[in-house]
Amino acid sequence: MSSVHVIGAGLAGLAAACQLTDAGRHVVLHDSAKAAGGRARSYFDKAMGCRIDNGNHLLLSGNTAALVYLRRIGARHSLAGPSEPIFPFVDLPSGNHWTLRLNQTGFPWWVFSAKRRVPGTRFYDYRALLKLREAGPDDLVASVLGNIGPLYRNLIEPLAISALNTMPDIASAAPLRVVLAETIERGGAASLPRFAKIGLSESFVDPALEWLRNKGTTIKFGRRVTEIDPNQPTILAVPPWVAASMVPGLVVPDKFEAICNLHFKYSLDPGEAGFWGLIGGMAEWVFARPNILSVTISAANRYLAIDNDTIAAKVWAELAGAFGLKPKMPQCRVVWEKRATFMSTPEQLARRPQTRTKSSNLVLAGDWTDTGLPATIEGAIRSGNAAASVLLQTQES
Ligand SMILES: Cc1cc2nc3c(=O)[nH]c(=O)nc-3n(C[C@H](O)[C@H](O)[C@H](O)COP(=O)(O)OP(=O)(O)OC[C@H]3O[C@@H](n4cnc5c(N)ncnc54)[C@H](O)[C@@H]3O)c2cc1C
């Protein structure tokens with residue numbers, strides 16, 4: 001049986017390669033970069049003198065494909081996170097700290113407790129979330145939920161911006177509905193926040209490469225693939241613009257949103273959860289890593305015109321105010337991913353292609369294919385699994 005070529009060793013390509021290998025196929029894994037991981041990777045930053053992730057990545061325990069992938073590659077215990085489904089927040093303008101405390105069981109008892117739910121909300125406010133279930137592909141997050149007061153400002157808006165990487169006034173409600181249905185609606189056990197204990201590569205990438213190498217995968221990194229051999233079974237797991245350049249007539253998402261991450265050399269007590277959501281400022285999520293305080297700003301096209309020093313000074317001032325830190329900013333690295341994900345607008349979602357192509361030898365993978373999920377680790381891994389399954393089926397028939 002001929003080898004399967006997997007082009008792109010981001011999480012979609014790695015997941016596909018693992019699934020194919022498990023099914024007994026020999027895989028040749030290609031990536032143009034010298035290292036795997038794509039948009040979810042760790043690297044040594046010379047100026048900071050330590051390893052950092054390109055950006056903070058948060059998962060939830062309802063991200064089942066991601067957890068199965070980690071188990072397969074022997075990295076199930078490489079994630080950290082609180083034992084309870086809690087989400088600490090800081091309201092930056094008021095300095096108020098509060099924590100959303102879901103309960104572990106399926107029924108959302110937490111909405112009946114003022115100490116557990118979002119401050120300023122009443123339990124019946126949460127019924128408005130049911131409106132999401134009726135949202136069609138063209139409905140926008142802000143038009144479906146924007147009028148529900150503090151629940152929107154303090155929870156739905158930050159959740160939507162981070163999950164969809166798109167501002168809620170232009171973001172489709174449909175992928176947010178899927179995320180909530182697979183996590184918060186299933187209860188606290190599916191909503192435990194999870195992040196890489198050491199780094200993204202240590203969790204998602206290096207163990208996968210070792211697993212694949214041990215099973216005989218041929219790995220070819222540092223060389224850009226520009227053509228697909230129509231006679232070789234291939235999974236194309238590259239970014240959408242690269243896929244479009246290789247597959248004539250392929251329609252793909254073509255508008256993108258940036259994510260900006262700021263890594264400050266600073267040690268902060270990680271508190272109950274290891275991270276906080278920040279509301280009402282520029283900084284949106286902050287993760288207290290060993291010796292690094294890492295901040296994420298999603299849907300960051302709106303800040304592209306601002307220089308890094310100004311962003312860093314503003315974000316540090318916000319952190320200093322929120323956590324009582326000294327005003328003098330420590331060493332900082334600002335990392336922009338300008339095409340972090342496609343824009344989750346109805347128009348862009350309609351451009352997501354299916355896994356199958358016209359050729360039975362070529363299938364597509366990537367967080368931008370039509371997974372129904374936003375562009376996330378879970379979506380990327382599911383797309384890789386789906387691509388491997390489709391290729392195996394078409395090869396057998
Ligand atoms: C800063 C940031 C923060 C994020 N935060 C989160 C989060 O909190 N939670 C979450 O779930 N998701 C998050 N995401 C999204 C997540 O990282 C992506 O959905 C996922 O990594 C996409 O994986 P992929 O394999 O589809 O694509 P990619 O990672 O883009 O992989 C594509 C691969 O193809 C390779 N390639 C490109 N061209 C060629 C070529 N010609 N030949 C060979 N190889 C090629 C690239 O080098 C790359 O390795 C975040 C993304 C970013 C950038």
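Order of appearance sets the numbers: ligands from 1, and atoms from 1 within every ligand.
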Near [X], which atoms of ligand 1 are under 4.0 Å from a heavy atom of that residue?
X    : answer
A375 : 15 (C), 19 (O)
I7   : 42 (N), 43 (C)
A340 : 53 (C)
P239 : 32 (C), 34 (O), 37 (C)
V225 : 40 (C), 41 (N), 42 (N), 43 (C)
G366 : 26 (O)
N261 : 1 (C)
G10  : 25 (O), 29 (O), 31 (O), 33 (C), 49 (O)

Scan side-chain atoms only and decide if [X] and [Y] contain a donor-acceptor pair under the 3.5 Å cut-off.
X    : Y    : answer
E182 : N63  : no
N54  : N261 : no
N103 : T105 : yes
E202 : S78  : no

What I want to know is whether [X] and ligand 1 share at least one N or O pair that is separated by under 3.5 angstrom.
X    : value
T376 : yes
A380 : no
H30  : no
D367 : yes
D31  : yes
L11  : yes

Answer yes or no: are there more than 12 heavy-atom neighbours, outside [X] itself, under 6.0 Å from its atom [atom1]?
X    : atom1 : result
K338 : NZ    : no
W241 : CH2   : yes
E210 : CD    : no

How would you list, by chain and number, every residue that makes a side-chain contact (heavy atoms from CB on, under 4.5 Å) with K220, sequence neighbours excluded?
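Listed in chain order: V28, H30, T218, R223.
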May I ask whether [X] has any heavy atom positioned less than 4.0 angstrom from an atom of ligand 1?
X    : answer
M246 : yes
L59  : no
G37  : yes
G379 : no
N56  : yes

Among T296, V295, L200, find the residue that satisfies the side-chain contact (heavy atoms from CB on, under 4.5 Å) test when tested with N56.
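Result: among T296, V295, L200, T296 is the only option passing the side-chain contact (heavy atoms from CB on, under 4.5 Å) with N56.
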Using the side-chain contact (heavy atoms from CB on, under 4.5 Å) definition, which of the options I306, L262, L92 pairs with M282?
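The passing option is I306.
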Relative to ligand 1, is E337 under 4.0 angstrom through side chain, backbone, both or neither, heavy atoms considered?
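Side chain only; the backbone of E337 stays clear of ligand 1.
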Got the closest protein heavy atom to [atom], with its distance?
atom                    : answer
atom 9 (N) of ligand 1  : L58 O, 3.0 Å
atom 27 (O) of ligand 1 : R39 NH2, 2.9 Å
atom 44 (N) of ligand 1 : S32 N, 3.1 Å
atom 32 (C) of ligand 1 : A237 O, 3.4 Å
atom 51 (C) of ligand 1 : H57 NE2, 3.5 Å
atom 12 (N) of ligand 1 : I377 N, 3.3 Å
atom 25 (O) of ligand 1 : A12 N, 2.9 Å
atom 2 (C) of ligand 1  : I259 CD1, 3.5 Å

Ring centres under 6.0 Å, that's the criterion: do Y126 and W110 meet it?
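Judged by ring-centre distance (under 6.0 Å), Y126 and W110 do meet the cut-off.
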Step through it carefully: locate the ring centre of W285, locate the ring centre of F89, and say whether they are under 6.0 Å apart.
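Ring-ring flag for W285/F89: true, centres closer than 6.0 Å.
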So if you build clusters from Ile, Leu, Val, Met, Phe, Trp, Tyr with side-chain heavy-atom gaps below 4.5 Å, do L129 and F87 land together?
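In one cluster: yes.
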Pair R116 + E84: basic N to acidic O under 4.0 Å:
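No salt bridge links R116 with E84.
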Note: R39-D367 ion pair, threshold 4.0 Å (strictly below)
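Looking at R39 and D367, the cut-off is met.
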H97 and F323 aromatic ring geometry - parallel, tilted or perpendicular at 30°/60° bounds:
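F323 vs H97 ring planes: perpendicular.
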Those residues that, when tested against R101, pass salt bridge (charged side-chain N to carboxylate O under 4.0 Å, His left out) (two or more places apart):
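Result, salt bridge (charged side-chain N to carboxylate O under 4.0 Å, His left out) vs R101: E272.
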Return the option from G384, G8, G55 holding the heavy atom at the smallest distance from atom 34 (O) of ligand 1.
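That would be G8.
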